[in-house]
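Reading through the structure tokens given below for one structure.
Both ligands and their constituent atoms are indexed starting at 1 by order of listing.
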Amino acid sequence: MGIAICRTREELRDRVRGWKCDGLKIAVVPTMGALHEGHLSLVRAALARADRVIVTLFVNPRQFNSAADLAAYPRTEHEDAEKLAPLGAHLLYVPDGEEVYPPGFATSVSVTGVSEGLCGAFRPGHFDGVATVVAKLFLQTAADYAFFGEKDYQQLLVVRRMACDLDIPIEVVGCPTVRESDGLALSSRNRRLPDDTRGAAAGLSAALIAAQTDIEAGVPVAKALDEARVAIAALPGCRLEYLELRAAHDLAPLPEADRPARLLVAAWFADIRLIDNVAVNHSG
Ligand code: PAF
């Protein structure tokens, strides 16, 4: 049997009302579709925690920085629904643009602090777009839990901050990044990587993991990052955007790994921007 699909806020509200009346706990997994094993791992984690799981699929125009990137984003609703059905997810919510942003829509949710720097510095307005749509999805689904991948680590912290600051009663759960066997972090954008770039993209994750190993072994942070930048610069067709060590808790810059940290990277391969990050255990 296929997964139930609803496309309007009203249909969604009716379902949620019924579940709430029955005292059921609800989890939401927000996605932009083009589902891969990383998304499916979030759905499995949600099913283990809640009685009902809603997956949302909406390619949110407000978080894209270019019309070309928005247009190129894969749209695979049919395949997505087929991947979700066997897992036992209960509802796929697929609103259209007008359902999410009806005429006259004029509100933006903007999180300061954790949204600044890293991707926030290179993608102006991106996290406002994410925070706005995710706030709406949290309110529309009235979910008790929300599941996000740690691959988008900065997004995870932005969303957590937003839910806390707006008193939205939802627990935001972060789940580990899922990787290919060669280490490449799964991303809906990977499918657009040309074959001759695929190996170089895996090299990005390899450089990140090498720097993580070095820092955890006591190599000074600046030296480990310099070596990783050299390794990344040597990857064919790769343009590094940033590689930084930040505090895991609030993304404050870290000259030394003296507290729980996160090493984060963003790089371009042709017109495809990839991000990745790993935890760095502190030595101090
Ligand atoms: O991570 C994503 O796919 C998107 O940023 C999200 C959280 C679904 C919001 O559009």
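Without hydrogens or angle criteria, E244 side chain to L118 main chain gives no donor-acceptor distance under 3.5 Å. With hydrogens and angles ignored, the 3.5 Å screen pairs no side-chain donor or acceptor of Q212 with any backbone N or O of L263.
Salt-bridge formation is detected for the pair R192/D271: a Lys NZ or Arg NE/NH1/NH2 atom is positioned less than 4.0 Å from an Asp or Glu carboxylate oxygen.
Distance from atom 3 (O) of ligand 1 to its nearest protein heavy atom, with residue and atom name: M32 CG, 3.6 Å.
Between N60 and ligand 1, not a single N/O pair is under 3.5 Å apart. For Q63, a nitrogen or oxygen atom sits less than 3.5 Å from a nitrogen or oxygen atom of ligand 1, counting backbone and side chain alike.
When the heavy-atom distances from atom 1 (O) of ligand 1 to Q155, K151, K136, H39 are ranked, the shortest goes to Q155.
Near T31, meaning under 4.0 Å from one of its heavy atoms, ligand 1 places the atoms 8 (C). Less than 4.0 angstrom separates some heavy atom of F148 from each of these atoms of ligand 1: 7 (C). Using a 4.0 Å cut-off to heavy atoms of P30, the atoms of ligand 1 that qualify are 8 (C). The contact set between ligand 1 and V133, taken as ligand atoms under 4.0 Å from a residue heavy atom, comprises 9 (C), 10 (O).
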* Tell me, with the steps shown, if L184 and N190 meet side-chain contact (heavy atoms from CB on, under 4.5 Å). => CA-CA 9 Å; L184 179 66; N190 291 354; 3.4 Å; yes
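At most 12 non-hydrogen atoms from other residues, nucleotides or ligands lie less than 6.0 angstrom from NZ of K223.
R7 forms no cation-pi arrangement with Y93, by the criterion of a distance under 6.0 Å to the ring centre and an angle within 45° of the ring axis.
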